Structures are given as C-alpha cells and as structure tokens.
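In what follows, a single structure is set out as structure tokens and then discussed.
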Amino acid sequence: MESRYLQKYFGTCLTQGLAEVARIRPVDPIEYLALWIYKYKENVTMEELRQKEMADLERERELALIQQEMMERLKAEELMFQQQQLALQLELEMQEKERQRIEELQKAQEQLEEDTAADSGKTLAEISDRYGAPNLSRVEELDEPMLSDVALNIDQDL
C-alpha cells in the first residue's frame with residue numbers, strides 16, 4: 001500500500017533526483033536532493049501552466065479562425081448582395097431607357113404619320129422650304145410622239 005503511494009507521487013521525481021545525486025555527488029546530498037525536489041516541483045508546475053496556456057491559446061486561435069471565416073462569409077454575402085443590387089439597378093435603368101426609346105419611337109412614328117397625312121395633299125413647293133421649287137403635282141404631261149411614231153413619219157417621208 002505504501003509502495004503504491006510512494007510510486008504514484010515520488011516515483012519519477014525521486015528516481016531522477018537520486019540519479020542526479022549519484023551523478024554529481026554533492027557534499028550534502030540530503031540538502032541537494034531537497035533543493036532538487038523543490039526545483040523539480042517548480043518545473044512541473046511551470047510545465048503544467050505552460051501546457052494550460054498553450055491549450056488556451058489553441059482554443060483562442062480556433063475561435064479567431066472561426067470568427068475570420070464568419071467575417072469572410074459576411075463580406076462575401078455583402079459583396080454578392082451589392083452585385084445583385086447593382087445588377088438590379090442596371091436592369092431597371094436599361095428597362096427605363098428601353099421604355100423611353102419606345103416612347104420616342106412611338107412619338108416619332110405618330111409625328112411622321114401626322115406629317116405624312118398633312119403633306120399628302122401639298123405640292124412639292126409647299127413641302128419644300130426652297131424658293132422656286134417646282135410644283136410637280138400640277139405639271140401636266142404633254143403628249144409626245146413615241147419613237148415608233150417618229151420612225152414611221154421618217155419612213156413615210158422617204
């Protein structure tokens with residue numbers, strides 16, 4: 001029973017300490033072993049503290065990575081949202097321009113139809129802004145002899 005207790009709490013420490021005393025052979029081995037055990041305990045405590053700090057740092061690093069991933073996702077979502085908004089805005093602008101173009105074409109078509117209806121009875125001189133433009137709708141055609149008629153008249157003269 002006592003050997004288990006000693007093995008559990010002093011096993012490694014006492015074995016290493018006695019090996020150190022045997023290797024160095026100090027003048028006062030008991031005091032040297034006592035100081036060595038205190039230093040060993042201090043080193044074990046510091047190592048445990050360092051291990052705890054390392055575990056805490058690892059947890060903090062993992063949390064930081066998770067937060068960074070979340071921020072990247074949020075930025076990606078924000079960028080995608082901005083792109084969608086921009087695409088929607090561009091589409092609306094294009095639809096508005098198309099609507100305005102269609103309205104302008106309809107107005108131009110109506111104006112052309114009105115002008116055509118108003119100009120259908122007018123002469124070229126009335127439509128034209130030029131001074132002295134001929135009035136072609138009132139020009140009468142004269143009966144001119146056809147070429148074959150002229151040729152027949154020449155044949156008869158000969």
Side-chain angles (χ1 to χ4, degrees), residues 4-5 7-17 19-20 23 35-158:
R4 278 192 231 145
Y5 173 79
Q7 181 67 30
K8 181 178 179 182
Y9 292 104
F10 289 106
T12 324
C13 172
L14 195 53
T15 305
Q16 290 177 0
E20 185 71 19
R23 186 178 63 83
L35 292 174
W36 190 91
I37 290 173
Y38 282 127
K39 184 67 176 171
Y40 179 85
K41 178 64 177 164
E42 185 180 313
N43 289 344
V44 167
T45 304
M46 292 299 280
E47 181 63 24
E48 289 172 354
L49 182 61
R50 189 183 70 77
Q51 291 292 332
K52 184 179 179 268
E53 287 176 355
M54 291 297 287
D56 290 344
L57 286 173
E58 183 64 26
R59 269 188 254 113
E60 288 178 15
R61 187 183 71 81
E62 289 173 359
L63 287 174
L65 286 174
I66 290 171
Q67 288 177 346
Q68 183 180 5
E69 289 174 1
M70 294 278 289
M71 292 300 290
E72 288 173 359
R73 280 191 221 132
L74 286 174
K75 286 180 182 178
E77 287 178 11
E78 182 180 355
L79 180 62
M80 186 174 22
F81 179 72
Q82 288 175 350
Q83 289 174 346
Q84 288 174 347
Q85 290 294 93
L86 182 61
L88 180 62
Q89 183 180 3
L90 289 173
E91 184 177 337
L92 289 174
E93 288 175 3
M94 288 178 63
Q95 288 175 353
E96 180 65 22
K97 286 180 181 178
E98 182 67 19
R99 186 187 61 75
Q100 289 175 354
R101 188 182 68 80
I102 289 172
E103 286 178 1
E104 288 174 3
L105 287 174
Q106 288 175 347
K107 287 178 183 177
Q109 182 69 23
E110 290 172 2
Q111 184 67 31
L112 182 62
E113 289 173 0
E114 288 175 6
D115 290 348
T116 304
D119 291 344
S120 63
K122 293 182 180 178
T123 63
L124 185 58
E126 292 171 339
I127 295 173
S128 176
D129 291 340
R130 300 174 103 189
Y131 177 75
N135 189 348
L136 295 180
S137 64
R138 297 193 183 137
V139 174
E140 297 179 19
E141 291 186 23
L142 299 175
D143 286 334
E144 294 181 17
M146 298 178 98
L147 180 59
S148 59
D149 292 337
V150 172
L152 287 174
N153 288 337
I154 293 176
D155 285 340
Q156 291 173 357
D157 290 337
L158 292 175

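The structure presented is a predicted model; accordingly, all values stated were derived computationally and were not measured. If you read the sequence from its start, that first residue is 1, and numbering goes on from there.
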Considering only distance and modelled atom types, tabulate donor-acceptor pairs under 3.5 Å from the side chains of residues 103-110, sequence neighbours left out.
residue: Glu103; atom: OE1; partner: Arg99; partner atom: NH1; Å: 3.4
residue: Glu103; atom: OE2; partner: Arg99; partner atom: NH1; Å: 2.4
residue: Gln109; atom: NE2; partner: Glu113; partner atom: OE2; Å: 3.3

Enumerate donor-acceptor pairs with a distance under 3.5 Å from any side-chain N or O in residues 50-67 to protein atoms, sequence neighbours excluded.
residue: Arg50; atom: NE; partner: Glu47; partner atom: OE1; Å: 3.3
residue: Arg50; atom: NH2; partner: Glu47; partner atom: OE2; Å: 2.7
residue: Gln51; atom: NE2; partner: Glu47; partner atom: OE2; Å: 2.9
residue: Asp56; atom: OD1; partner: Arg59; partner atom: NH1; Å: 2.8
residue: Asp56; atom: OD1; partner: Arg59; partner atom: NH2; Å: 3.1
residue: Glu58; atom: OE2; partner: Arg61; partner atom: NH2; Å: 2.7

Tabulate below the donor-acceptor pairs under 3.5 Å that side-chain atoms of residues 76-86 make, not counting sequence neighbours, or state none.
none

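Rounding to the nearest 0.5 Å gives a distance of 10.0 Å between CD of Glu93 and CG of Leu88.
Phe10 pairs by the ring pair (Phe, Tyr, Trp, His ring centres under 6.0 Å) definition with nothing, not counting sequence neighbours. Remark: Glu48 engages Val44 in a side chain to side chain contact (heavy atoms under 4.5 Å, CB included) (not counting sequence neighbours). In this view, Gln16 and Thr12, Trp36, Tyr40 satisfy the side chain to side chain contact (heavy atoms under 4.5 Å, CB included) rule, not counting sequence neighbours.
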Between Leu92 and Glu96, does a side chain to side chain contact (heavy atoms under 4.5 Å, CB included) hold up when you go through it step by step? CA-CA 6 Å; Leu92 289 174; Glu96 180 65 22; over 6 Å; no

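Taking the side chain as every heavy atom from C-beta outward, Glu98 and Arg101 approach each other to under 4.5 Å.
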